[in-house]
Amino acid sequence: MVTDESSKNADDLPHSPGPAGGWGSMKGMARVVVQSNASPGALDSLRRLNKPKGVMCMSCAWPKPANYSAFEFCENGAKATLWELTRDRCTPDFFAEEGHTVSELRDWSDHELEKAGRLTHPMKYDAASDRYLPIDWDDAFAGIGATLRDLPRDDVVFYASGHAGLEASYLYALLARVYGNNNLPQSSNMCHETTSVGLTKVIGSPVGTVTFDDLAQTDCYFYFGQNPGTNSPRFLHNLKDLKDRGGKIVTFNPVIEQGLVSFVDPQNPLAMLTGKETIISDQYHQVQSGGDVAAILGLCKVVVEADDAAKAAGGSEVIDHAFIEQHTTGFDDFIACCRDTDWVDIERASGLTEVALREAAQVYIEADKTIGVYGMGFTQHTHGALNIAMLVNLLLLKGNIGRPGTGCCPVRGHSNVQGQRTVGIAEKAHLVPLDKLKALFDFDPPTKDGMHVVDAVQGLIAGTVRGFISLGGNLVRAVPDQKRMEEGWAAQDLVVMVSTKLNRSHLHPGKDAYILPCLGRSEVDEQATGNQAVTSEDSFSMINGSIGHRPPASDHLKSELAIVTGIAMATLDPNPKLKWDEWTGDYALVRELIEATYPHDFRDFNKRMFEAGGFWRGNPARERIWKTDSGKAVITTPPQLTSLGFADKPGRYRLLTMRSNDQFNTTVYGYSDRFRGIEGTRDVVLMNPDDIAEAGLEDGDTVRLVTDYDGDDVERQLGGLTLVAYKLPRGTIAGYYPECNVLVPITHHDELSKTPASKSVPVRVERAVETG
Ligand SMILES: Nc1nc2c(c(=O)[nH]1)N[C@H]1C(S)=C(S)[C@@H](COP(=O)(O)OP(=O)(O)OC[C@H]3O[C@@H](n4cnc5c(=O)[nH]c(N)nc54)[C@H](O)[C@@H]3O)O[C@H]1N2
Ligand SMILES: Nc1nc2c(c(=O)[nH]1)N[C@H]1C(S)=C(S)[C@@H](COP(=O)(O)OP(=O)(O)OC[C@H]3O[C@@H](n4cnc5c(=O)[nH]c(N)nc54)[C@H](O)[C@@H]3O)O[C@H]1N2
Ligand SMILES: [Mo]
């Protein structure tokens with residue numbers, strides 16, 4: 001149903017949770033200082049966050065400004081840091097305790113598991129006692145190496161969560177290739193792979209085109225499906241800056257996210273004392289899940305009309321025709337589609353009214369410079385790449401890419417997720433300069449494409465994946481079809497997890513299972529040539545060095561890089577060009593290798609790594625050089641009006657899985673989602689009150705969700721959820737990730753990139769069967 005209710009001026013919105021930032025964020029931080037049992041020196045680490053020669057935050061990938069302020073961190077960056085610097089320890093004694101067999105630990109919540117503290121010793125699973133027992137590093141490496149040498153090369157997967165630095169990541173990818181495969185899936189396969197594939201298709205760049213300078217110069221943000229208040233809070237400062245300059249923000253999101261409503265800068269004493277909040281979104285449009293294709297088509301339709309009218313009246317054009325002519329293909333077909341598509345269809349598919357979309361389009365028409373922002377609300381759909389192509393269409397119409405103050409801004413997740421791809425963690429062989437690797441290291445790199453996360457999970461379910469190395473992350477909990485995947489995971493010959501904290505992926509051990517505990521980024525990484533720095537790449541393609549200062553959580557930890565080289569030396573045949581030992585002693589040597597492999601991106605790497613704000617790797621699309629097949633930016637005519645892969649039918653809802661303000665992915669810090677007013681539990685389903693009434697249910701009922709997927713006959717359900725009446729568009733419901741992962745079918749993914757469509761899962765809502 002389309003009502004004007006779905007679109008609001010910010011002044012009309014409920015402010016009940018209070019603005020993002022402000023005292024709420026101070027309280028949130030204070031609470032986590034207590035909850036995380038942070039070490040006394042942890043606050044010193046916060047002071048150093050995101051500053052040159054300091055620690056680059058281990059939370060999100062939002063860039064670090066060159067002109068940093070005294071406190072260059074946010075509430076959630078602080079939480080991530082303090083969570084890493086906890087005094088709690090998960091020691092061999094923990095694993096030996098009564099009630100701590102692996103089977104028993106499976107009953108613990110994600111929060112309880114990580115709360116056990118930092119892992120301190122390498123551990124190996126012992127099936128006889130169903131416990132992890134301590135093991136020496138040398139024995140662990142030898143055991144892992146022996147099994148890896150026995151396994152068929154194609155059956156082993158080298159997964160990475162986007163956290164480890166560029167140096168460890170480069171060597172990890174090298175290890176996989178010398179071992180003999182390109183099975184290098186990464187967390188971005190569940191995240192911004194849609195960007196890597198979809199954006200490349202239309203503008204020839206796998207990454208965003210904006211930098212901080214653009215944020216400082218823009219007039220306007222069109223903001224889709226990203227939640228800065230929780231997932232990239234430092235962005236709120238840039239949004240506020242724009243508002244202070246009189247710019248406009250227009251938001252499209254099914255959920256009213258507080259960070260996009262209002263913000264009090266916690267670093268501004270006057271604002272804190274007076275509680276003066278900045279209204280962030282001038283317009284907030286509650287598009288239905290999957291409805292952005294139609295919404296953006298509506299915006300473009302208005303732009304085309306306005307351009308026609310201006311031309312007829314002899315006024316100046318709205319569309320930048322000179323740019324379109326010189327730089328794009330597909331324009332004529334697309335504007336024909338804009339003209340031909342009826343408003344009733346746009347309204348039905350978006351859930352927004354023509355009036356609301358006209359109001360939004362007017363802001364776009366009037367702004368000289370616009371930036372388009374998006375996150376998981378775009379990428380995690382069956383036709384997620386189409387969402388991205390539509391946003392690019394909108395931007396291209398007015399030449400809003402490759403001009404100062406404009407561009408396309410995907411907001412990345414993990415702090416080094418983008419960089420790991422840059423330095424070779426890639427399952428697609430053509431993305432890697434294999435000839436350079438061959439010349440540098442004197443081996444024949446495999447040329448066959450490796451597995452994506454979705455392929456790996458399917459391989460695990462089918463029993464064809466037999467060995468799994470995991471550089472960070474918690475894949476068992478992060479992927480779709482978690483229940484089915486657990487069995488396949490446990491049937492493997494070898495599972496090796498390089499981790500800082502205990503998680504669910506440790507609790508389904510294969511025949512041989514190892515937990516290899518590593519240093520966190522905030523800790524001193526002492527090697528033969530002294531304390532080592534590591535580097536990472538943020539959402540704006542800026543490369544930053546990071547140096548840990550805290551004493552390690554245990555004397556038995558190794559760095560991620562040292563663990564990678566330890567496995568390599570125990571597994572691979574000797575080769576004088578592979579100097580694993582030397583590289584471990586001096587990470588600067590690894591940076592030289594990265595520079596030799598990617599000379600254009602990493603020129604003078606060791607010299608430039610501590611430049612304030614980082615050094616820029618460059619992006620041709622920003623210079624209007626389009627590395628597409630046609631050499632031009634592609635304007636896409638949408639073949640359909642939603643990004644959904646299924647039809648609506650009575651009783652079928654679109655479930656979007658979301659993050660709370662108290663988690664980092666599968667790491668659950670606590671149970672307070674204060675921006676959404678949900679406290680004390682994560683077992684909830686949010687639903688529009690009219691939908692609740694129509695389904696014959698009541699607010700507060702206990703319900704279960706049942707997947708209603710046409711693609712297979714597998715039964716998927718999740719019970720014990722409390723129904724919460726919530727202001728959502730009709731037909732769209734929301735629940736938390738990772739709890740809802742059992743409901744997501746592994747084959748339900750973006751058609752181009754295979755990114756799981758976790759923001760539109762077809763489900764039914766059923767009242768829980770009364771027992772007793
Ligand atoms: N504190 C904290 N920070 C994090 C993370 C964390 O878990 N906690 N995770 C990190 C990672 S790996 C990532 S990828 C990012 C994730 O950051 P985001 O990209 O913000 O991801 P989500 O929180 O999953 O949800 C995105 C938003 O999309 C909206 N949405 C859902 N469906 C649709 C739709 O169809 N259309 C539109 N327009 N909007 C929709 C949701 O309501 C939500 O506001 O954050 C990173 N930073
Ligand atoms: N339904 C649904 N599913 C989703 C999503 C969604 O929105 N909805 N989001 C997807 C997204 S965007 C992503 S990125 C994935 C995330 O998937 P992953 O990246 O695999 O998972 P994380 O939860 O980030 O990993 C947490 C674990 O990382 C380890 N860790 C923490 N710090 C370090 C470190 O410094 N080094 C090492 N080696 N290990 C460390 C800890 O042991 C911790 O338990 O999940 C995806 N799954
Ligand atoms: Mo992510």
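Just so we're clear, the structure is a prediction, and the values are computed from it rather than from any experiment. In each ligand, atom 1 is the first atom listed, and ligand 1 is the first ligand listed.
Near G472, meaning under 4.0 Å from one of its heavy atoms, ligand 2 places the atoms 37 (C), 38 (N), 39 (N). The ligand atoms of ligand 2 that sit less than 4.0 angstrom from a heavy atom of N503 are 27 (C), 42 (O), 43 (C), 44 (O). The Y159 neighbourhood of ligand 2 comprises atoms 17 (O), 18 (P), 19 (O), 20 (O), with distances under 4.0 Å to a heavy atom of that residue. Within ligand 2, counting atoms from 1 as listed, the ones closer than 4.0 Å to a heavy atom of E560 are 34 (C), 36 (N), 37 (C), 38 (N). In summary, the atoms of ligand 2 found under 4.0 Å from a heavy atom of S499, numbered by their order in the structure, are 39 (N), 42 (O). Taking every heavy atom of E114 and a limit of under 4.0 angstrom, the matching atoms of ligand 2 come to 43 (C), 44 (O). Residue V498 approaches ligand 2 through these ligand atoms, each under 4.0 Å from one of its heavy atoms: 37 (C), 38 (N), 39 (N). Using a 4.0 Å cut-off to heavy atoms of N741, the atoms of ligand 2 that qualify are 1 (N), 2 (C), 3 (N).
The aromatic rings of F646 and H748 are tilted relative to each other, their planes meeting at an angle between 30° and 60°.
Not one N or O on the side chain of D292 forms a donor-acceptor pair closer than 3.5 Å with the backbone of N387.
Residues R521 and S536 have side chains that never bring a donor and an acceptor to within less than 3.5 angstrom of each other. One side chain, T230 or N661, offers a donor N or O that lies under 3.5 Å from an acceptor on the other. Defined by atom type and a distance below 3.5 Å, a donor-acceptor pair is missing between the side-chain atoms of T732 and Q288.
How far CD1 of I567 is from CG of L171: 12.0 Å, rounded to the nearest 0.5 Å. Note that OG of S45 is 5.0 Å distant from CG of L85, once rounded to the nearest 0.5 Å.
Among residues two or more places apart in sequence or in another chain, the side-chain contact (heavy atoms from CB on, under 4.5 Å) test is passed with S559 by L519, D525, Q527, L561, A562, Y587.
Between Y364 and F222, a ring centre-to-centre spacing shorter than 6.0 Å is recorded.
Considering F540, W62, F263 in turn, W62 is the only one that fulfils the ring pair (Phe, Tyr, Trp, His ring centres under 6.0 Å) rule with F235.
Annotation: ligand 1 has protein neighbours C60, N76, C191, G225, Q226, N227, T230, N231, F252, N253, P254, V255, E257, V287, S289, G290, D292, G375, M376, G377, H381, G413, H414, L656, R659, Q663, F664, N665, K759, each with a heavy atom less than 4.0 angstrom from the ligand.
Looking at V479 next to ligand 2, no N or O pair under 3.5 Å apart turns up.
The pair R674-D662 does not meet the salt-bridge criterion, since no charged nitrogen lies less than 4.0 angstrom from a carboxylate oxygen.
Put simply, part of C518 is less than 4.0 Å from ligand 2, judged by heavy atoms. Ligand 2 lies out of reach of R521, whose nearest heavy atom is not under 4.0 Å from it.
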